[in-house]
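In what follows, a single structure is set out as structure tokens and then discussed.
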Amino acid sequence: MNAPTGFRDRLRTELVELVEGRRPEPAPRRHRAWRFALPVGVTAAAAAAALWIGTPHENRERPVPTPVVVNEVGFRLEIEPDGIVEVALQDPAGAKGLERKLNELGFRAVVMVDDRGCTEPAPQIAVPAETLLAGIGDHGETRFRTSVLPPDAYLLIVYAAEDDQYPSDGPSMTLIAAVKTVPGCYKINNPAGFPTPR
Amino acid sequence: MGRDPALFERFYEAHFDAVLRYVTRRCTDPYTAADLTADVFVAAIEAAHTYRPERGAPLAWLYGIAANVVAGHRRRAARESVASRKAGGRRLLDDADIAAFEARIDAERAAREVLTRMATLPDRLRAVLELVAVDGLTVEAAAQVLGIRPATARVRLHRARKQIRLDPSPALLALEPRS
């Protein structure tokens with residue numbers, strides 16, 4: 001089989017250099033009191049928020065240091081260099097993982113599955129969907145702007161099954177909204193069309 | 001792997017051919033193929049912390065990354081992180097490499113034809129069939145790549161093959177399992 005051996009060797013060299021540059025530096029010794037200043041999760045989330053989101057209410061796409069690509073069971077998440085986030089929630093089993101990952105990256109996010117029995121009123125919208133959404137990817141991914149998320153809002157993502165008989169067989173849609181409060185459940189009122197939460 | 005050069009080197013050696021095969025089945029230009037090959041490994045380095053051994057083989061995880069990189073290329077979205085610019089694949093090619101890439105691309109012509117014909121299938125059905133019938137993954141590995149459960153992958157594979165039976169295209173019929 002023909003092999004581009006020169007290319008393979010040169011690429012290996014460059015990639016190994018790249019990995020070398022990512023070696024973690026020894027952590028500086030910190031005063032013991034720091035360890036108890038904040039719960040670990042809060043510290044990590046706050047640091048990530050500063051890194052990824054930047055100053056609230058800036059009306060522009062904020063750069064992120066590098067693209068982030070996360071492939072885990074049931075979902076895919078990509079943060080592009082221009083701050084656009086692309087989410088594909090393919091299976092309800094991925095909802096909690098996606099929620100956890102978004103929060104790890106500094107987003108106040110809640111991911112839930114459409115609950116047809118939910119009677120709770122829909123939460124108040126903080127940012128209209130048309131402002132938040134940056135389009136739909138080629139494979140149905142939901143794309144949204146991180147730059148318009150207010151710091152006190154929650155990113156709400158709701159998975160609605162394409163086929164009630166096959167709830168894991170892909171979504172008919174993924175609702176996305178920035179809301180002011182976290183609902184206990186969510187019922188998409190217009191499952192046949194583009195959702196417009198109240 | 002993303003922070004351990006020796007570990008990465010072993011990973012790279014073990015998977016370079018698989019990535020090259022995946023990429024050359026999906027593009028016809030050696031320069032693009034070189035860029036995509038480099039981009040897949042850069043993305044793997046950046047996403048190394050997301051790999052969970054208990055969820056399956058690294059190849060399936062890597063194919064998931066490759067699928068994203070190729071999809072990103074297709075929609076021409078900017079993917080120029082500092083890292084990917086550094087490893088931009090095409091500038092590492094010499095004449096012998098270009099010839100080797102062209103030979104690989106030529107050898108994968110039949111697979112590309114099948115992939116093209118599969119484009120008529122709905123995305124979520126095509127994706128499973130593509131990984132199983134063209135890339136040779138097991139249903140379980142394909143499920144891992146796509147982030148779905150194996151049972152879901154089996155249902156989709158069944159539906160994809162059922163749709164193929166309605167399409168008399170010889171290239172697609174060749175994907176039918178032999179009974």
Side-chain angles (χ1 to χ4, degrees), chain A residues 1-24 64-78 80-82 84 86 88-94 97-98 101 104 135 137-141 143 162-163 166-171, chain B residues 1-5 8-9 12-13 16-17 20 30 34 37-38 41-43 45-47 50 52 55 61 64-65 68-69 71-72 74-75 77-84 86-87 89 92-94 96-101 103-104 107 123-124 127 144-149 151-152 155-156:
Chain A
M1 178 66 81
N2 293 291
T5 51
F7 169 78
R8 184 181 64 201
D9 294 345
R10 286 186 285 274
L11 180 60
R12 184 204 301 111
T13 302
E14 292 226 347
L15 292 172
V16 167
E17 280 176 15
L18 176 63
V19 175
E20 286 275 6
R22 292 168 54 90
R23 272 183 191 272
V64 293
T66 60
V68 172
V69 178
V70 179
N71 277 295
E72 293 197 13
V73 172
F75 75 90
R76 191 170 69 246
L77 168 67
E78 188 167 345
E80 299 176 359
D82 58 3
I84 299 282
E86 186 170 289
L89 181 56
Q90 302 126 333
D91 189 302
L98 175 59
K101 182 54 68 177
E104 283 174 9
D138 285 353
H139 298 93
E141 302 93 341
R143 295 165 58 78
E162 176 178 334
D163 183 338
Y166 300 95
S168 299
D169 203 7
Chain B
M1 189 269 285
R3 294 175 186 275
D4 181 335
F8 171 76
E9 211 163 344
Y12 178 84
E13 289 302 328
F16 179 84
D17 272 337
L20 191 61
T37 303
F41 280 108
V42 170
I45 289 167
E46 290 175 342
T50 67
R52 301 283 182 276
R55 291 183 184 164
W61 173 80
I65 289 172
N68 279 342
V69 168
R74 284 178 177 156
R75 63 176 177 265
R79 291 291 185 280
E80 289 191 326
S81 65
V82 172
S84 61
K86 184 173 187 293
L92 303 175
L93 294 171
D94 62 19
D97 294 325
I98 293 167
F101 264 102
R104 287 286 190 119
D123 281 347
R124 60 204 178 84
Q144 191 201 345
V145 170
L146 299 169
I148 58 177
R149 286 186 284 210
T152 307
V155 169
R156 291 185 189 181

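In what follows, every chain begins at residue 1, and chains take the letters A, B, ... in the order their sequences are listed.
Proximity to chain A is limited to the backbone of B/Asp4, based on heavy atoms less than 4.5 angstrom apart. Residue B/Ala96 does not touch chain A at all, counting heavy-atom pairs closer than 4.5 Å.
Taking CG of B/Leu20 as the start and CZ of A/Arg8 as the end, the distance is 9.5 Å to the nearest 0.5 Å. Of the inter-residue distances, the one linking B/Asp94 atom CG with A/Thr5 atom OG1 reads 7.5 Å to the nearest 0.5 angstrom. For the atom pair A/Leu18 CG and B/Ile45 CD1, the distance stands at 4.5 Å (nearest 0.5 Å). Distance check: B/Asn68 CG to A/Glu78 CD gives 5.5 Å after rounding to the nearest 0.5 Å.
When each of A/Gly6, A/Pro4, A/Gly97, A/Gly21 is scored by its heavy-atom pairs under 4.5 Å with chain B, the top score falls to A/Pro4.
Ring geometry, A/Phe7 versus B/Phe101: the interplanar angle exceeds 60°, so the pair is classed perpendicular (tilted spans 30 to 60°).
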Subject >> side-chain contact (heavy atoms from CB on, under 4.5 Å) assessment of A/Leu11 paired with B/Tyr12 >> reply: CA-CA 10 Å; A/Leu11 180 60; B/Tyr12 178 84; 3.3 Å; yes
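Between A/Val69 and B/Ala47, the shortest heavy-atom distance links the atoms O-CB, 3.3 Å. Taking every heavy atom of both residues into account, B/Leu92 and A/Arg10 meet most closely at O-NE, 2.7 Å.
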